[in-house]
Amino acid sequence: MAGANVIGVDLGGTKILAGVIDADGHVLRTVEHPTPTDSQEELLDGLESAVRELLTADVAAVGFGIPSRIDPYTGIALGAVNIPLGDLAFCEVLAERLALPVGAENDASVAALAEFRLGAGRGSRDLVMLTLGTGVGGGVIINGQLFHGWSELGHIVIIEDGEPCQGACSGRGHVETYCSGHAADRLARRVLGPDATARDLVLQQHPALEEIGHHLGTAIGSLINVFGPQVVVIGGGFGISAGELLLGPARLAIMGEALEPGGRVRLALAELGTQAGLIGAGLMAFEALEAV
């Protein structure tokens, strides 16, 4: 549909960010609401409500970035760590509710796609992205194509039998345990006091952030050894706000962990900022529209 816009929805553990996206990836207007977490039905109602708040006659499709594993063959959302979502034919259910074409992919995967096409990964062929927010997500571009596997890069083990993971995850020692915004909150309470948060660490440029940066670089080194990307992008609310406070120590860890020439892979902050997931969800909407 020539000249059509779409709605992209970035579903996170704490907020729903929805926006109208044009064909060039520009965000025209947005709404933001807290994520309902009491039940799956309440969550779906919240997503539908956010979309309808933006819905106009020029909107032709809706795309979602969701913090869930999605079966690439069936399209079933298999389960999420921080929200009540699982065993759901997500696109079918939302398409029926909204009477529009719907596309969906893992939230960090769509952020990676947006950064690859429109942001820090422009001109590259292979890219890995980690989003540091409520949890830690990931996305991979291989030879110019989005990898449609589970992409749960935040649940790679970096410390055997380490600290328990969060939410519904039963694992230990995962990247998410040590590099998420929640991890930074715990660190802040440990080094600054019981009322401190990750924001306090960032505002004070506290050296304790080097600990998180080192864990992050350790994880990135392993990802470089697996995928051999040209660029690794760091996004998410916490990742972007901390920026070089994390990337500096991460680079040092990468040099020790990545096989050559992996130590020279470009490490960059997401250029699309916290809107990478929103724009990527919009790209999924355009793909759903093309498939009609």
Side-chain angles (χ1 to χ4, degrees), residues 4-12 15-32 47 50-51 54 59-68 70 72 91 101-154 223 227 229-241 243 266-291:
N5 294 325
V6 299
I7 291 174
V9 182
D10 183 12
L11 172 60
K15 70 178 181 181
I16 296 170
L17 177 63
V20 178
I21 316 293
D22 70 14
D24 295 318
H26 297 133
V27 180
L28 305 181
R29 58 188 184 277
T30 64
V31 296
E32 182 178 315
L47 292 173
V51 170
L54 293 168
V59 170
V62 184
F64 293 85
I66 62 176
S68 171
I70 298 178
C91 289
V102 168
E105 185 58 82
N106 175 272
D107 56 345
S109 290
V110 301
L113 181 63
E115 287 292 335
F116 174 71
R117 291 187 183 175
L118 303 169
R122 289 190 309 274
S124 67
R125 181 186 65 253
D126 304 294
L127 173 148
V128 170
M129 183 171 183
L130 289 172
T131 58
L132 315 184
T134 304
V136 174
V140 180
I141 305 292
I142 301 174
N143 197 26
Q145 299 297 316
L146 180 66
F147 172 63
H148 289 284
W150 289 3
S151 294
E152 287 286 2
L153 304 187
L223 291 169
F227 294 108
Q230 295 165 300
V231 58
V232 175
V233 179
I234 302 300
F238 170 60
I240 290 169
S241 64
R266 182 165 64 93
L267 182 60
L269 283 178
E271 289 184 7
L272 302 178
T274 56
Q275 290 191 327
L278 177 67
I279 294 169
L283 295 177
M284 296 307 300
F286 281 113
E287 289 190 9
L289 186 57
E290 291 173 2

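Please read these numbers as outputs of a predicted model, since none were measured by experiment.
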> Do Val51 and Phe64 touch side chain to side chain, with heavy atoms closer than 4.5 Å?
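Result yes, sub-4.5 Å side-chain heavy-atom pair found.
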> Roughly how far, to the nearest 0.5 Å, is CD of Glu271 from CD1 of Ile240?
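Nearest 0.5 Å value for the CD1-CD distance: 11.0 Å.
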> Of all heavy-atom pairs between Val6 and Gly282, which one has the smallest distance, and what is that distance?
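It is CG2-O, 3.6 Å.
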> Name the atoms and distances for all side-chain donor-acceptor pairs under 3.5 Å in residues 129-149, with sequence neighbours left out.
residue : atom : partner : partner atom : Å
Thr131  : OG1  : Gly137  : N            : 3.3
His148  : ND1  : Glu105  : OE1          : 2.7

> Working to the nearest 0.5 angstrom, can you tell me the gap between Ser151 OG and Ile70 CD1?
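So the OG of Ser151 and the CD1 of Ile70 are separated by 10.0 Å.
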> Between atom OG1 of Thr274 and atom CZ of Phe238, what is the distance when rounded to the nearest 0.5 Å?
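The distance works out to 15.0 Å.
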> Please enumerate all residues that pass side chain to side chain contact (heavy atoms under 4.5 Å, CB included) together with Leu272, with sequence neighbours excluded.
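Partners of Leu272 by the side chain to side chain contact (heavy atoms under 4.5 Å, CB included) criterion, ordered by chain and then number, come out as Ala114, Glu115, Leu118, Ala276, Ile279.
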> When rounded to the nearest 0.5 angstrom, what is the spacing between CG in Leu47 and CD1 in Ile16?
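Answer for the CG-CD1 pair, Leu47 versus Ile16, is 4.5 Å.
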> Where do Gly103 and Ala288 come nearest, in terms of heavy atoms and distance?
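Shortest heavy-atom separation between Gly103 and Ala288 comes out as N-CB, 3.6 Å.
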> Verify, without hydrogens or angle tests, whether Asp24 (side chain) and His26 (backbone) share a donor-acceptor contact under 3.5 angstrom.
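Looks like no, no N/O pair under 3.5 Å.
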> Which atom names give the shortest non-hydrogen contact between Ala285 and Gly63, and what distance separates them?
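Heavy atoms only, the tightest pair is CB-N, 3.2 Å.
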> Check Gly235 against Ala270 and note the closest heavy-atom contact, atom names and distance.
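Smallest heavy-atom distance, with atoms named: CA-CB, 3.9 Å.
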> Return the set of residues passing side chain to side chain contact (heavy atoms under 4.5 Å, CB included) with Thr30 (not counting sequence neighbours), or none when no residue passes.
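Leu17, Val27, Gln275, Leu278.
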> Hey, what do you get for CG (Asn106) to CG (Leu113), rounding to the nearest 0.5 Å?
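Separation between the atoms: 12.0 Å.
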> Can you check side chain to side chain contact (heavy atoms under 4.5 Å, CB included) on Val232 and Leu223, steps first, answer last?
CA-CA 9 Å; Val232 175; Leu223 291 169; over 6 Å; no
> What are the two closest non-hydrogen atoms of Val233 and Ala120, and how far apart are they?
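Shortest heavy-atom separation between Val233 and Ala120 comes out as CG2-CB, 4.0 Å.
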> Where is the tightest heavy-atom contact between Val231 and Ser124, given as atom of each residue plus distance?
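Scanning both residues completely, I find the closest heavy atoms to be CG1-OG, 3.9 Å.
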> Side-chain contact, heavy-atom cut-off 4.5 Å: Asp10 with Asp107?
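When only atoms from C-beta onward are counted, Asp107 and Asp10 do touch, with a gap below 4.5 Å.
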